[in-house]
Each structure stands twice: as C-alpha cells, then as structure tokens.
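Side chains included, hydrogens not; waters and symmetry mates left out as well; all remaining heavy atoms used.
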Amino acid sequence: RLQRSGRGRRDVDRWWARRPCWTDPALALVRNTFLALVVLVAAVTVVAVVEGAGRVGRLHDALSAGGILASLGLIALQACWAPTMLVWALAWLAGPGFAVGAGTLFSPDSVVTGPVPAMPLLGLLPTAPLGTVGLYLPLVITAGTMVASWPRRRLAVLGLGEAVIAALVATAVVTLGCLALALAASGPVGPGRMTQVGPHWGHLCLFIALEIGVGLVAVAVISHPGTR
C-alpha cells in the first residue's frame, strides 16, 4: 500500500519495476498450488475424521470421565494440536509419512505402530496401510497441482524457458513453505522414544519438490503455445 500511495522507498519501486517477467506467473503458481494442497489436506482430514471418530470418542470419554470441565479442557488441547495434525496429513498424503515415537511410521503404504500418548486426537492415526493404492496416492498432489494451475494465461505469454523457470521457482517457494511447516510440526514431545515425532523434514521436502515440480513443469510445457 505504501508503494502504491507513492510513500514507499524509490529504490524498492525501481527494483520491483525491474523484476523478471516470470515473477508474477511464479507467484500465481505458488498461490494456486497452496490452495490445491489445502483442499487435498482437508479431504484427507475429513476421511480420517470419519474413519477415526469412534476411536476419538472412546478416548475422549475415557479421559474426561464424563466431567464437563475435563471435556472442555480436552477439546481445547485438541484444538491446539489440530494445525500439527494437518501438517501430518500433508506428510502422509505426500508419501513419506510421519512418526509418533521412535520406530513408528504412518504413511500410505506402510504403518508401523507403537505405544502413543493417550490423546483423543491421535485416534485419527491410520491403523493400516492402503496397499498398492498407497504407492500411487502421492500422485494426487501432482494431479491436483496441474488442475489448480491449468491453464495459466500468464505462462502462455512467456517464452518456454521463462515458463519453466516460473514453474521451478514456484516449486522452490512451495517446498520452502512445506519445510517451515514440517519443522513447526515435528520435534520431541517427551522423553525416550517420544523425542521423534512428526514428519522428517528432509523426506517431506524431497517428495513435495518432486510431486509439485513435475506437475508445474508439465503445465508450463504442455500448455505453452510453443509446444502445441
């Protein structure tokens, strides 16, 4: 707003005016990709809630013992953990999954369980792998990225090389965003085996970069007038 009103620093104005032509298309791709991820994670969360509602309810009743204050306290605690669980859902959907204690793994194609804290929200954890479907589930992110970014008129006006650069830059920005989320949603929550909780940030970033990058570069190349 300061820039538009003329009160911003002139050097910033000059720098922004000289920005590469692929900057705006890349930012648009970042926005659309994050929106696609939000929709996909929301869908995964809804499925988890439907399948795990019974387990969550039983854990909640056992811990609260029917007390109103205890129930309200548990609900408040679950609300604080909800953002973390959404990041875990992203890690699960992307493929590498996450851990809830050393030696455990919850991913689409592998579930290795162990003792977990008696927290009702953890009743949403997967109880079994998806089998062969789990191997291909991460491709949903690639497909979702392509759908959310297709077609992009801003990419069409760029040269093919510039369009690919925009896609790669967008991939890097989204990957960094997922890195920040993974770091915030992982770490020790207790002693012993509970020092390893959450997604492995390196694995998540690698999977996200591949899945998002393939989708965005494919959109940039296939939808470009020069390749038709």
Side-chain angles (χ1 to χ4, degrees), residues 33-57 59 77-148 171 174-190 193-216:
T33 300
F34 271 121
L35 289 176
L37 291 177
V38 168
V39 171
L40 293 173
V41 168
V44 169
T45 303
V46 169
V47 173
V49 169
V50 171
E51 292 187 350
R55 295 189 298 271
V56 172
L59 285 170
L77 178 63
Q78 310 313 302
C80 294
W81 268 82
T84 296
M85 297 293 286
L86 292 176
V87 179
W88 291 5
L90 172 62
W92 181 86
L93 179 62
F98 57 92
V100 185
T104 64
L105 176 64
F106 298 88
S107 68
D109 63 328
S110 178
V111 173
V112 181
T113 61
V116 298
M119 182 181 298
L121 201 60
L122 294 181
L124 301 179
L125 293 176
T127 57
L130 299 180
T132 304
V133 175
L135 295 174
Y136 301 99
L137 185 64
L139 294 177
V140 171
I141 291 183
T142 301
T145 299
M146 295 182 68
V147 171
T171 300
V174 173
T175 301
L176 289 176
C178 291
L179 169 61
L181 292 175
L183 292 175
S186 61
V189 297
R193 56 187 302 276
M194 295 311 295
T195 58
Q196 298 181 20
V197 175
H200 187 287
W201 63 267
H203 296 166
L204 178 59
C205 289
L206 177 60
F207 275 66
I208 286 292
L210 290 174
E211 294 158 7
I212 297 296
V214 168
L216 292 183

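- Contact of the Val174 side chain with the Leu37 side chain is registered, since non-hydrogen atoms from C-beta on lie closer than 4.5 Å.
- Taking all atoms of both residues into account, the shortest heavy-atom contact from Pro83 to Ala79 is CD-O, 3.5 Å.
- Every residue two or more places apart in sequence or in another chain that forms a side chain to side chain contact (heavy atoms under 4.5 Å, CB included) with Ala89 is listed here: Val41, Val44, Thr45.
- Taken from CG in Leu121 to CE in Met85, the straight-line distance is 4.0 Å, to the nearest 0.5 Å.
- A donor-acceptor contact shorter than 3.5 Å is absent between the side chain of Arg193 and the backbone of Thr104.
- Within the structure, ring-ring contact (aromatic ring centres under 6.0 Å, His included) pairs that include any residue of residues 125-144 do not occur (at least two apart or interchain).
- Each side chain to side chain donor-acceptor pair (under 3.5 Å) pair with one or both residues in residues 105-118, not counting sequence neighbours, appears once here: Ser107-Asp109.
- With sequence neighbours left out, the side chain to side chain contact (heavy atoms under 4.5 Å, CB included) criterion links Ala185 to Thr84, Val87, Trp88.
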Output side-chain donor-acceptor pairs under 3.5 Å for residues 49-56, partner residues at least two apart or in another chain, one line each.
{"from": "Arg55", "atom 1": "NE", "to": "Gly123", "atom 2": "O", "distance (Å)": "2.8"}
{"from": "Arg55", "atom 1": "NH2", "to": "Gly123", "atom 2": "O", "distance (Å)": "3.0"}

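- Taking the side chain to side chain contact (heavy atoms under 4.5 Å, CB included) definition, one finds that Val39 meets it with nothing, sequence neighbours left out.
- Residues passing the ring pair (Phe, Tyr, Trp, His ring centres under 6.0 Å) test with Phe106, sequence neighbours excluded: Phe98.
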Show the atom names and distances, to 0.1 Å, of all donor-acceptor pairs under 3.5 Å that link a side chain in residues 138-145 to residues at least two apart or in another chain.
{"from": "Thr142", "atom 1": "OG1", "to": "Glu211", "atom 2": "O", "distance (Å)": "3.0"}
{"from": "Thr145", "atom 1": "OG1", "to": "Ile141", "atom 2": "O", "distance (Å)": "2.8"}

Under 3.5 Å, side-chain donor or acceptor atoms of residues 195-208 against the rest of the protein: list the pairs with distances, not counting sequence neighbours.
{"from": "Thr195", "atom 1": "OG1", "to": "Gly192", "atom 2": "O", "distance (Å)": "2.9"}
{"from": "His200", "atom 1": "ND1", "to": "Gly202", "atom 2": "N", "distance (Å)": "3.2"}
{"from": "His200", "atom 1": "ND1", "to": "His203", "atom 2": "N", "distance (Å)": "3.2"}

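- Of all heavy-atom pairs between Pro126 and Trp92, the closest is CG-NE1, 3.8 Å.
- In this structure, CG on Leu35 lies 11.0 Å from CG on Leu40, to the nearest 0.5 angstrom.
- A heavy-atom distance below 4.5 Å is not found between the side chains of Leu216 and Met146.
- Taking CG from Leu181 and CG from Leu90, the interatomic distance works out to 7.0 Å, rounded to the nearest 0.5 Å.
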